[in-house]
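Residue numbers begin at 1 in each chain, while the letters A, B, ... track the order of the sequences.
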There are 2 protein chains.
Amino acid sequence: MDHERELLMIPGPTMVSPRVLRALAKPILSHGAAEFTEAYTETLRLQKSLFMTSGTPFLISGSGTLGMEAAAANLVENGDRVLCIENGFFGEKWQEIVPGHGGVADRLTFEWGKAVDLKLVKERLGKGGYKAVFVEHVDTSTGIGNPIEEIGKLVKGTDALYVVDSVCGIGGMPLKMDEWGIDFCLSGSQKAIGAPPGLSLFCLNEKAWKAIEARKTPIADYYTNLKRWRPIMEDPKKYFATPATGMVLGMLEALKIIHEEGLEARWKRHALFSKAFQAGIKGMGLTSFPDEKSLAHTLSVPKLPESVKGSEFRAAIGKFNVITAGGLGAVADKTIRVGHMGSDMVNDITATLSAMEMALHQLGYVKEPGAGVGAAMKVFAKA
Amino acid sequence: MDHERELLMIPGPTMVSPRVLRALAKPILSHGAAEFTEAYTETLRLQKSLFMTSGTPFLISGSGTLGMEAAAANLVENGDRVLCIENGFFGEKWQEIVPGHGGVADRLTFEWGKAVDLKLVKERLGKGGYKAVFVEHVDTSTGIGNPIEEIGKLVKGTDALYVVDSVCGIGGMPLKMDEWGIDFCLSGSQKAIGAPPGLSLFCLNEKAWKAIEARKTPIADYYTNLKRWRPIMEDPKKYFATPATGMVLGMLEALKIIHEEGLEARWKRHALFSKAFQAGIKGMGLTSFPDEKSLAHTLSVPKLPESVKGSEFRAAIGKFNVITAGGLGAVADKTIRVGHMGSDMVNDITATLSAMEMALHQLGYVKEPGAGVGAAMKVFAKA
């Protein structure tokens, strides 16, 4: 079996364009070479455009988690009350990260896969006194998409900083940082952006900078101290720590691809992927685990019938060279997670649904395969 | 001019083997795929062998600086006295990092480029009460190589943890973590190891783990909390944060190349590079900025005559497609820094010395070029 020809349909890392792979394979450049510093500058410019912000872009070596920590390490200090809105595995990380930086995490928890109830957010915000509000755009554990714009409207009426983790959203779903009042927005390279894992990227606006400048206590961390990185992000000819030169070139290529496609077109493509995928799983007799009113467009998380175990299902799909991800937590074996984002094409979606349906046929759950992928095909053909 | 054919002779990032570049360009693997987790396991095994330790290896997304912070964040807590031995730009970072994690940095400072005086180290250690000792193996700012084995012997007589930053040493110069009593040793991917920048790697021994377990206060950080990462490093099938899959494959290839060459042979090769390079710069009338009794083998830092400015010299060398680095700090324009490590070949060294000598000829400092590179050639021919 040729692993390099498999369809990697997990919700990150995702397949990347051969254009990106070729950029990664270029001989190493000096981090001080004009060719590199100009590429870094251009990458940061395109990152700002992707985030739809006039704020400061940061692109540094690390995983998406590092961006979450950077938010807490810079914006939160001793005794600060922070509202953590959670409805999945990744949202639950905030209350592990925030206390380390002195913050008091006030958790507003919804069941995994359930939509955020804006009324409860409003009510909680009404108590006042929050330094910041943390929330996931998409919780990749369940395929839920959270109402970032609407939460932003509620936060706007308070003094709190609005921090959004869009690791699995940006590049695939609308996210308008400035328009939606987001003060700190973070993502990772390896999901809807279509670059390899290894880079943490985020943007800060003036309100976030003012909060950092107004801190009563110094920032404890060194590597995530954004005051140390800021001069480099404003002028990549400066030095703080050696950048991952090849990864930045790969990211530049991925961002150029996004720019060439256009953000609106890209959002539409992902919404269509989601619609087709949902039609497909229903056509083969499955349902959606996350609340259908609040679906992420970047992945789908079908709920499996009692007779089909997630691990067996994934193994059967894998025999058709399609790689999917397992469920997490309490629904580990009752769901699977399928990414459809970034560089993915319609062909990848139909092939994936076909593999799923063949697997369900082999497992005895689907008698006559074709109805699932057929339902998706109708959606694509009509679009 | 073809940038991809230039000789990148800065002290990191360094040129990497096309074998490594090809590994980076492979289609993205799932971080959960057996092909990847087995490669990660093998990479960590080879990393331990490179560090000459039976301790726990860590390989995570980030720059070398992240490893410095991981040492401080995990080993140091409020009020701990820490001895920071410094003789250059990178050593000076410790006293910026340590206080953020509650440590009290006791600085033992030597002039940039001057060797560490072991008598003074012994004297300072005699005061007792240190939680840890931090030192650079090589300070890349000056080309000094510090006596890590000898300092280790002095630290061994105390309770202190011995932390060594070998970002610009390991893979090019002897470093025997267990034998030399090093408790925490860190490096970066992009120097003598011969992989691209973007990965932080370090190893901890049992003494370091015991100190972490015995902490009175919890580790504040999340991303650099090694207790969270340890299960993954012991079994890469587990998950904490998405690893930089392609970068790990590149690192595996680089470590395989090291293993094939053999550590002893590699150390000898770098010692020879250093000897030839020193002969070369003397042959063209330059001297060494760092103390000749304590030279790093991974880079050379020639001191320039009054009539030759570093920036002009580097520009002239660059016209021959050889990229060198500028001096730092007070000797910024009075030195240049030339890396000779990792995947570099004899050919690269002679070509670099030739370019330097042609540049000095053009600048009017060398009348008859050839004596410099000739002196290096003699060293190589005799080896």
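- For chain B, the nearby parts of A/Glu96 are the backbone and the side chain; heavy atoms of each come within less than 4.5 Å.
- Per-residue heavy-atom pair counts under 4.5 Å with chain B were compared for A/Pro13, A/Ala241, A/Ala73, and the maximum is reached by A/Pro13.
- There is no contact between B/Ser200 and chain A, counting heavy-atom distances below 4.5 Å.
- Of the residues considered (B/Pro218, B/Gly198, B/Ala325, B/Ala220), B/Ala220 shows the highest number of contacts with chain A, using heavy-atom pairs under 4.5 Å.
- Taking chain A as the reference chain and counting heavy-atom pairs below 4.5 Å, the highest number among B/His31, B/Arg22, B/Glu6, B/Arg5 is found for B/His31.
- For the atom pair B/Ser63 OG and A/Phe240 CZ, the distance stands at 7.5 Å (nearest 0.5 Å).
- Rounded to the nearest 0.5 Å, atoms CG (B/Leu8) and CD1 (A/Ile28) are 8.0 Å apart.
- Only the backbone of A/Pro243 comes within less than 4.5 Å of a heavy atom in chain B; its side chain stays farther off.
- Interface check for chain A: of the options B/Lys93, B/His101, B/Met68, B/Gln190, the most heavy-atom pairs under 4.5 Å are formed by B/Lys93.
- Note that CZ of A/Arg228 is 10.5 Å distant from OG1 of B/Thr65, once rounded to the nearest 0.5 Å.
- Residue A/Leu66 touches chain B through both its backbone and its side chain, counting heavy-atom pairs closer than 4.5 Å.
- Rounding to the nearest 0.5 angstrom, the gap separating the CD atom in B/Glu4 from the CG atom in A/Leu29 is 7.5 Å.
- Note: B/Ser30 OG to A/Ile323 CD1 = 7.0 Å, rounded to the nearest 0.5 Å.
- Interface remark: of the candidates B/Ser61, B/Ser189, B/Gly64, B/Ser61 forms the most heavy-atom pairs closer than 4.5 Å to chain A.
- Both the backbone and the side chain of A/Pro196 come within less than 4.5 Å of a heavy atom of chain B.
- Residue B/Glu69 comes nearest to A/Tyr222 through the heavy atom pair OE2-N, 2.7 Å, listed as atom of the first residue, atom of the second, then distance.
- Put simply, CE on B/Met247 and CG on A/Leu24 are 9.0 Å apart, with the number rounded to the nearest 0.5 Å.
- Taking chain A as the reference chain and counting heavy-atom pairs below 4.5 Å, the highest number among B/Thr245, B/Asp221, B/Ile60 is found for B/Asp221.
- Of the atoms belonging to A/Phe89, it is side-chain heavy atoms, and not backbone ones, that fall under 4.5 Å from chain B.
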